[in-house]
Amino acid sequence: MTETVEFPWGPAAATGVGSMPGQDARETARIVTGSLEGPTHLPFLPELPARGPGADLIGRTAGLLAELFARLEPSGWRIGDRPGRDTRRARAWLREDLDALEEFTQGYEGPLKVSAVGPWTLAAALERRNGEAMLGDPGARRDLAESLAEGLRGHLAEVRRRVPGARVVLQLDEPSLTAVLTGRVPTASGYRRHEPVDRALVEETLRAVVAVAGGDPVVVHSCAPRVPFGLLARAGATAVSFDFGLLTESEDEAIGEAVEGGLALFAGVVPAGGQGAAPGEAALSDPAGTVGGVRSLWRRLGLSPGLLAQAVTVTPACGLAGASPAYARAALTHCVRAARSLADNPE
């Protein structure tokens, strides 16, 4: 990667992962677009899982599928024969979210991020009619990936229609990807694990879904350990979004090679706050300290300090759905301040 690299978001950028607390789509859209104002930042379409089934990320993405339908069972989301109330609810929540986003992006020109579950995490989460994950059936997971790709084409077109000045950035959420690759996804009984999926097939499937963005940027997000940076870069990802606190120095080489090949990093360094709790004001009082680990990584990789603010976008460690509304807003604001600190003092 050269120091002249440019991404649709500017240097010293900040963004969120996707989920937010609460149930008010208009208020959340107002907070997100207001917190991430400015030519360099990356506003996003929020997800509000507290509203219930269909507003969660799996249900929301299931509602996007083309010619495949899912219903909610006690064990989770399961493929069905026809669209039912769960599908209708998921689509209604998404329309409400898009309406709110459209209202607060009038005249907006710049990057805009939308999220959906990626094909491998979706295959691990969605059940076939027999209750087993679609992951265990090669034909089922192939059909699922094709349905997801077609549904995403329509979704991206709708976002571009509603916000015509936006360059849409697609985020694929793949928290189960490492488990898929390493054979750690449990079967329905919980006594066994699904076989690891061949890395070449994983990469090929991801590449096909990435292609639906039509050349616009694609971010792949995982808040799990051992994110396969190299595989994602080869699959066509523009950036990888991850929980920075889960990195180990053993991953330095893979990250360095990916960055030098042009991959951007969305570094999750701001505490997300879970189980309804906030980490406290101290966690958001030192923007420079928040990104200190990123600077250390850069030094270990031997990369140019001048590239740091261009290649790294600051995010929360994961989604903010488990935080309080006040903390979620403060966390996004802190991401902006930490990103500015990274640009002002890259060394």
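Numbering of residues begins at 1 and proceeds along the displayed sequence.
One finds the CD atom of Glu251 at 10.0 Å from the CG atom of Leu297 (value rounded to the nearest 0.5 Å). Atom CG of Leu342 sits about 11.5 Å away from atom CD of Gln310, to the nearest 0.5 Å. Rounded to the nearest 0.5 angstrom, Glu249 CD and Ser296 OG are separated by 9.0 Å. To the nearest 0.5 Å, atoms CG (Leu68) and CG (Leu126) are separated by 8.5 Å. Distance check: Asp243 CG to Phe266 CZ gives 15.5 Å after rounding to the nearest 0.5 Å. The structure places CG of Asp86 at 9.0 Å from CZ of Arg71, a figure rounded to the nearest 0.5 Å.
Residue Glu158 qualifies as enclosed at atom CD: its count of foreign heavy atoms under 6.0 Å is above 12. No more than 12 heavy atoms of other residues, nucleotides or ligands lie within 6.0 Å of CD in Glu195, so this atom counts as exposed by the packing criterion. Within a 6.0 Å radius of CD in Glu253, no more than 12 heavy atoms belonging to other residues, nucleotides or ligands are found. Crowding of Arg85 atom CZ: a count of heavy atoms from other residues, nucleotides or ligands under 6.0 Å not exceeding 12. Sparse packing is recorded around CZ of Arg192, with 12 or fewer heavy atoms of other residues, nucleotides or ligands lying under 6.0 Å away. Open room surrounds CD on Glu67; 12 or fewer heavy atoms of other groups in view lie less than 6.0 Å from it. When the shell of 6.0 Å around CZ of Arg295 is examined, it contains more than 12 heavy atoms from other residues, nucleotides or ligands.
Thr178 places a side-chain N or O within 3.5 Å of a backbone atom of Arg226 that can act as its donor or acceptor partner. Between the side chain of Thr33 and the backbone N or O of Arg30 there is at least one donor-acceptor pair closer than 3.5 Å. Counting only distance, with no hydrogens or angles, the side chain of His194 and the backbone of Gly183 share no donor-acceptor pair below 3.5 Å. Judged by distance alone, with hydrogens and angles left aside, the side-chain atoms of Ser19 form no donor-acceptor pair with the main-chain N or O of Glu47 at under 3.5 Å. Panel note: side chain Thr121, backbone Val117; no donor-acceptor pair is recorded below 3.5 Å. A donor-acceptor pair is defined here as one N or O able to donate and one able to accept, closer than 3.5 Å; such a pair exists between the side chain of Ser324 and the backbone of Tyr327. At least one donor-acceptor pair closer than 3.5 Å links the side chain of Glu132 to the backbone N or O of Ala188. A donor-acceptor pair is defined here as one N or O able to donate and one able to accept, closer than 3.5 Å; no such pair exists between the side chain of Ser222 and the backbone of Phe242. Trp298 places a side-chain N or O within donor-acceptor distance of the main-chain N or O of Ser304, the cut-off being under 3.5 Å. A distance-only check finds a donor-acceptor pair linking the side chain of Ser147 to the backbone of Ala66 [under 3.5 Å].
The two residues Phe69 and Arg91 have their closest heavy-atom pair at CE2-NH2, 4.0 Å. Across all non-hydrogen atoms, the minimal contact from Ala338 to Val314 is CB-CG1, 4.1 Å. In terms of heavy atoms, Leu64 sits closest to Ala116 at CD1-CB, 4.3 Å. When every heavy atom of Leu156 is checked against every heavy atom of Ala213, the shortest pair comes out as CD1-CA, 4.0 Å. Between Trp120 and Arg141, the shortest heavy-atom contact is CZ3-CD, 3.8 Å. Shortest non-hydrogen contact noted between Gly16 and Pro316 is CA-CD, 3.9 Å.
Side-chain atoms of Asp56 and Trp77 form a donor-acceptor pair, as typed in the model, at a separation below 3.5 Å.
In the hydrophobic clustering of ILVMFWY residues, with side-chain heavy atoms under 4.5 Å counting as a link, Leu45 and Val17 come out apart. The hydrophobic clustering, which links ILVMFWY residues whose side-chain heavy atoms are closer than 4.5 Å, places Phe104 and Leu98 apart. Linking Ile, Leu, Val, Met, Phe, Trp and Tyr residues whenever their side-chain heavy atoms come within less than 4.5 Å leaves Phe229 and Leu246 in two separate clusters. Taking hydrophobic clusters as Ile, Leu, Val, Met, Phe, Trp and Tyr residues chained together by side-chain heavy-atom distances below 4.5 Å, Leu57 shares a cluster with Leu101. Both Val202 and Val240 are members of a single hydrophobic cluster when ILVMFWY side chains are connected at heavy-atom separations under 4.5 Å.
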Side chain to side chain donor-acceptor pair (under 3.5 Å) evaluation trace for His334 with Thr290: CA-CA 9 Å; His334 189 73; Thr290 296; 2.7 Å; yes
Evaluation steps, side chain to side chain contact (heavy atoms under 4.5 Å, CB included), between Leu247 and Ile255: CA-CA 10 Å; Leu247 286 185; Ile255 295 172; 3.8 Å; yes
Derivation of the side chain to side chain contact (heavy atoms under 4.5 Å, CB included) call for Leu265 and Val294: CA-CA 10 Å; Leu265 303 179; Val294 179; over 6 Å; no
Derivation and outcome, side chain to side chain contact (heavy atoms under 4.5 Å, CB included), residues Leu232 and Leu177: CA-CA 10 Å; Leu232 296 175; Leu177 181 59; 3.7 Å; yes
Step-by-step salt bridge (charged side-chain N to carboxylate O under 4.0 Å, His left out) determination, Asp99 to Arg95: CA-CA 6 Å; Asp99 288 345; Arg95 283 195 300 273; over 6 Å; no
Full working for salt bridge (charged side-chain N to carboxylate O under 4.0 Å, His left out) between Glu203 and Arg207: CA-CA 6 Å; Glu203 182 180 324; Arg207 187 180 298 109; 2.5 Å; yes
Chi angles and distances behind the salt bridge (charged side-chain N to carboxylate O under 4.0 Å, His left out) call for Arg51, Glu96: CA-CA 12 Å; Arg51 293 180 299 192; Glu96 182 177 305; 3.4 Å; yes
Verdict with reasoning, Cys318 to His221, per side chain to side chain contact (heavy atoms under 4.5 Å, CB included): CA-CA 9 Å; Cys318 205; His221 167 72; 4.1 Å; yes
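Salt bridge Arg129/Asp81: present, at least one basic N to carboxylate O contact under 4.0 Å. Under the 4.0 Å criterion applied to side-chain N and carboxylate O atoms, Arg199 and Glu204 are not assigned as salt-bridge partners.
The only member of Val212, Thr205, Thr61, Asp143 that meets side chain to side chain contact (heavy atoms under 4.5 Å, CB included) when paired with Leu148 is Thr61.
Looking at heavy atoms from C-beta onward, Arg299 lies out of side-chain contact with Glu347 at the 4.5 angstrom threshold. Put simply, the side chain of Thr87 does not reach to within 4.5 Å of the side chain of Arg82, judged on heavy atoms. By the 4.5 Å heavy-atom criterion applied to side chains, Leu42 and Thr313 are not counted as neighbours. Here the side chains of Ser35 and Val336 are not in contact, with every heavy-atom distance at 4.5 Å or above. The shortest distance between side-chain heavy atoms of Arg128 and Ile79 does not fall below 4.5 Å. Using a 4.5 Å heavy-atom threshold, the side chains of Trp93 and Arg88 count as separate.
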